[in-house]
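Not measured: the values here are computed from a predicted model. Numbers restart at 1 for each chain; the letters A, B, ... are given by sequence-line order, proteins then strands.
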Amino acid sequence: MSSGSVKVIVTSGRTLNQGRAMEKGKITQDYEDAVALCEMGSTTMEALGIENGDTVIVKTGLGKINVKAKLNKNLPEGMAFIPCGPYFNYLLDSYTQCTGMPGFKSLEVTITAARGAKIQTVEELTQKMKEGI
Amino acid sequence: MTEVGNTFKDIVCTFCGCLCDDIIIEVDGEKIVKNTNGCAISKERFVGHMENRCLQPTVKGNPVTLEKAIQRAVEIIASSKRLLIYGLSSTENDAQREAYRLAEITGSVVDNTTSVCHGPTILGAQESGETTAALAEVRHRADLVIYWGANPAAAHPRHIPHYIRQPGEYIKDPKKDRQIWLVDVRETTTTRMVDRFLKINPATDLEVIQTLRALIRGTKLDVTEVGGIDIKELEEIATAMKTAKYGVLFFGLGLTQSWGRHRNIDAAIRLIQDLNAHTKWGLMPMRGHYNVSGANKTSTWVTGYPYAIDFARGYPRFSPGEYTAVDMLARGEPDAMLNIAADPVAHFPRAAVAHLASIPVINIDPKFNMTSQLAEVNIPAAIAGIECDGAATRMDGLPLYLKKVIDPPDGVIPDRDILRMMIKSLEKVMK
Ligand code: SF4
C-alpha cells in the first residue's frame, strides 16, 4: 500500500446528484455528499493506496481541501474529477484570460491519501472563506 | 392553464435550459405531491420546493420585516460607490429587467451568470455570427447530432430522451435514422446514451475543430493524429459531417470553460459555417440555468449588451474581463453586491469569494444558499414557474410562459416585486 501522492489534472463539471442536491438546498448533507468528492480511476486509487470513500487531500498552489475519494473506472490515468461547487472552487485561481471565465476545466493538483481525515461541511467551508483562510 | 382538480398540465420545468413544457404537477393543499414527466432534478425542484427554504428576511442574521430588509438594502446600495449586481439566470424575464433598471439608476455594474458559463459562446458569436436551430427543427430533421464537451445525462437529463431520441417529420426511427455522437475528454454517463464516443485529449478541442475544418475543405494533413484521435478517423468524421443531411452540434462548458475559451467557440461556429457550404448544419449551446438565455436576451434588449455591463458613466458599456463578476471581485473593485437568484459563493473561485466576503452583500433567493451565509441582507423570493408566473427563454431562444401552481409562503413575493420595492425607495433617496 502506498501513501504517497499523485499529480493529476482535475476537471470539474455537473453531476446528476449535484443537480438534485442543489435543488434540494445547498445547506444540506445531500449537497455536501454530492460535491465534496473527487472521482478518480483505479490506477490513481491504487497508487494512493486508498479505497472508495477514503478522504483525500487535494492541493494546488492556492490551498488544499479534504474531499472523499470516489472510484470512477472510466477516468483515464492522470485525470480526476470534482463536481462543480465550493470544494473545487476553493482550489481555483481567478484568472479568466480576460473573458470573465475562470479555468474550471483543467487544474493541476496533487492528491494525497488522508484516510479518516475530516471533511468540512458546507457551512464550515463558508465560514473559512469568510475569515479569508 | 389546464387544471383538473389540483392537477396542472403542460407546466414548464424551470431548472435547466431545456425548459421541458410537458410536466404534470399535482398539488394537495399547500404541497406539491407529484411531478410526472420531469427528470430526477425536476422532481426535486417541484416536490422539494419547500426544502431548505429561507422564509424570513434577515439583516445581519436577525429576522426583520420585508420593509426593514429593503430599507437596509437601499442604504447599502445608496452609499455604495461601485455596486455589482449579479445572478439573474434562475429568475424570470421581468425580474431581470428590473435589475437592469436598478443598475441604470445607481450607475452600477450588472452581470449575469453567463460570464461563468456560456460567456465565451457569446464572444465567439460576436466574432463569427450565429448558426442556430430550433429544438423542434432538430427533432424533425437532424440525422447527425453531436454533443461536444457536454454531459446532458447529468446537466440536462431529458435533452436526449425528450428532444433527440424522438421521431420527427423526416426522422421516423430516431434510433436508426439519427446518429448521436459525443466528443469529450472523459467517459461520462452520457457515453452510454450515444451511438459513438470520441475521446479527445484535454485542452485539444481547438486543434481538433481546426483539423476538421481543414479536412472538410479538402486539405491533406501531414500528421498521424490530432488530440489523441487518429487522422484516418478524423477524415472519416469530416466526411460523415459533410454528407449528413442535417447536422447539429450541441456544445457545453467543456468547450467554453477549457483552454481557448471563446476561440474554441469561434472555431466551432466557423466549422458549422464551412459545413453549410455542403449541407445544412446548426449549432447550439447547452444552456444550463433555465433562464440564462433569457438573461442575455433581456439584457441585450434593454442595454444593448448580453452581460458584463457598466452604467458608471450613465450609459451602458460592455467589457468582459473587466465588468465580469469574477474579474471585478478578484480585483477587489465592488464595495457592495446585490445578488439575485444565483450562488456566487458556491460557484466562484476563492479570491473572488474572499472579496465578496469582505463587502456588504444583499442576497435575494428562495432558498438558503452559500451566499446567504455571508450576506448582510437576505430576502426570500417566490420561485418563478412554481409560486409565481413569468417568462423564460429556452436554450434555442424560444420564449415560454411560466405558470404558477401554488401560492408562495406567507409574505414571500417574486424577485421582480422585491426589486421594484428597492427601485421605488432608491428613487426617493437618490432624488
Ligand atoms: S431536462 Fe431540465 S427542464 Fe427538462 S425536466 Fe429535467 S431539469 Fe427540467
Side-chain angles (χ1 to χ4, degrees), chain A residues 9 11-28 30-31 35 39 41 60 62-63 72-76 78-81 83-106 122-123 125-127 129-133, chain B residues 15-16 40-41 44-45 48 51-53 111 115-117 119-120 123 151 153-155 157 185-189 191 199 202-203 253-254 256-259 261-262 288 307-308 320-322 324-327 329-330 343 345-354 357-358 367-370 373-374:
Chain A
I9 297 283
T11 178
S12 84
R14 298 283 311 279
T15 69
L16 193 61
N17 282 346
Q18 174 260 350
R20 287 177 66 180
M22 200 162 63
E23 271 316 297
K24 188 167 188 184
K26 297 257 177 51
I27 314 301
T28 58
D30 289 30
Y31 185 63
V35 293
E39 295 181 13
T60 62
L62 267 190
N72 178 344
K73 286 191 187 127
N74 293 327
L75 276 173
M79 188 186 278
F81 172 85
C84 65
Y87 294 83
F88 176 84
N89 294 338
Y90 189 75
L91 304 169
L92 182 66
D93 65 274
S94 298
Y95 178 53
T96 73
Q97 298 182 346
C98 293
T99 62
M101 174 79 81
F104 290 106
K105 291 294 177 192
S106 46
V122 172
E123 276 159 308
L125 183 60
T126 318
Q127 193 57 33
M129 290 195 277
K130 196 172 180 176
E131 288 158 12
I133 310 170
Chain B
F15 175 75
C16 81
I41 304 178
E44 195 67 66
R45 180 164 177 86
E51 282 186 61
N52 206 230
R53 208 57 201 267
D111 188 25
S115 61
V116 291
C117 64
L123 298 182
N151 185 8
V185 296
R186 63 186 176 107
E187 272 187 52
T188 61
T189 34
T191 317
K199 185 174 162 301
L253 303 187
T256 65
Q257 289 183 337
S258 61
W259 189 249
R261 313 284 204 279
H262 57 297
Y307 65 107
E322 195 177 1
T324 27
V326 168
D327 299 274
L329 289 165
D343 194 0
V345 174
H347 294 126
F348 280 4
R350 192 167 148 195
V353 176
S358 71
K367 296 207 174 192
F368 290 115
N369 58 19
M370 288 185 70
Q373 310 284 299
L374 294 184

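For the set E187(B), E51(B), E44(B), Q257(B), the entry with the most heavy-atom pairs within less than 4.5 Å of chain A is Q257(B). Contacts with chain A were tallied for A352(B), A346(B), C16(B), S115(B); A346(B) has the most, counting heavy-atom pairs under 4.5 Å. The greatest number of non-hydrogen atom pairs below 4.5 Å with chain B, out of S12(A), G103(A), G63(A), S106(A), is found for G103(A). For the set G25(A), C84(A), G13(A), the entry with the most heavy-atom pairs within less than 4.5 Å of chain B is G25(A). Of the listed residues (A330(B), A354(B), A155(B), A357(B)), the one with the most heavy-atom contacts under 4.5 Å to chain A is A155(B). Per-residue counts of heavy-atom pairs under 4.5 Å with chain A were compared for P157(B), G48(B), A153(B), A40(B); the largest is that of A40(B). Looking only at heavy-atom pairs under 4.5 Å with chain B, the residue among T96(A), L91(A), N72(A), L125(A) that has the most is T96(A). With chain A as the partner, the residue from A203(B), G288(B), G119(B), C117(B) showing the most heavy-atom pairs under 4.5 Å is C117(B). Interface remark: of the candidates V326(B), L329(B), T188(B), V326(B) forms the most heavy-atom pairs closer than 4.5 Å to chain A.
Remark: K24(A) NZ to R45(B) CZ distance equals 16.0 Å, nearest 0.5 Å. The distance from atom OG1 of T256(B) to atom CE of M101(A), rounded to the nearest 0.5 Å, is 4.0 Å.
In this structure, Y31(A) and P86(A) approach most closely via the heavy-atom pair OH-CD, 3.3 Å. The two residues H262(B) and P120(B) come nearest to each other via the heavy atoms CB-O, 3.3 Å.
Using a 4.5 Å cut-off between heavy atoms, T126(A) touches chain B through backbone and side chain atoms alike. Contacts of T191(B) with chain A are absent, with no heavy-atom separation under 4.5 Å from either backbone or side chain. Of the two parts of F88(A), neither the backbone nor the side chain holds a non-hydrogen atom closer than 4.5 Å to a non-hydrogen atom of chain B. Only the backbone of F348(B) comes within contact range of chain A, with at least one heavy atom under 4.5 Å from a heavy atom of that chain. For a residue to count as touching a neighbouring chain, one of its non-hydrogen atoms must lie under 4.5 Å from one of that chain's; by this rule I27(A) touches chain B with backbone and side chain alike. With a 4.5 Å cut-off on non-hydrogen atoms, V353(B) touches chain A through its side chain but not through its backbone. Residue contact with chain A, scored on non-hydrogen atoms closer than 4.5 Å, involves the side chain of L123(B) exclusively. Heavy atoms closer than 4.5 Å to chain B are found in the side chain of P76(A), but not in its backbone.
A distance-only check finds a donor-acceptor pair linking the side chain of D343(B) to the backbone of M370(B) [under 3.5 Å]. Counting only distance, with no hydrogens or angles, the side chain of T324(B) and the backbone of P320(B) share no donor-acceptor pair below 3.5 Å.
At a threshold of 4.5 Å between non-hydrogen side-chain atoms, the residues K105(A) and P202(B) do not count as touching. Using a 4.5 Å cut-off on side-chain heavy atoms (C-beta onward), N151(B) and T189(B) make contact.
For the 3.5 Å distance criterion, the side chains of N52(B) and T28(A) fail to qualify, holding no donor opposite an acceptor. Q127(A) and E123(A) are not linked by any side-chain donor-acceptor pair at a separation below 3.5 angstrom, with hydrogens and angles left out of the test.
The environment of CZ in R186(B) is crowded: more than 12 heavy-atom neighbours from other residues, nucleotides or ligands sit within 6.0 Å.
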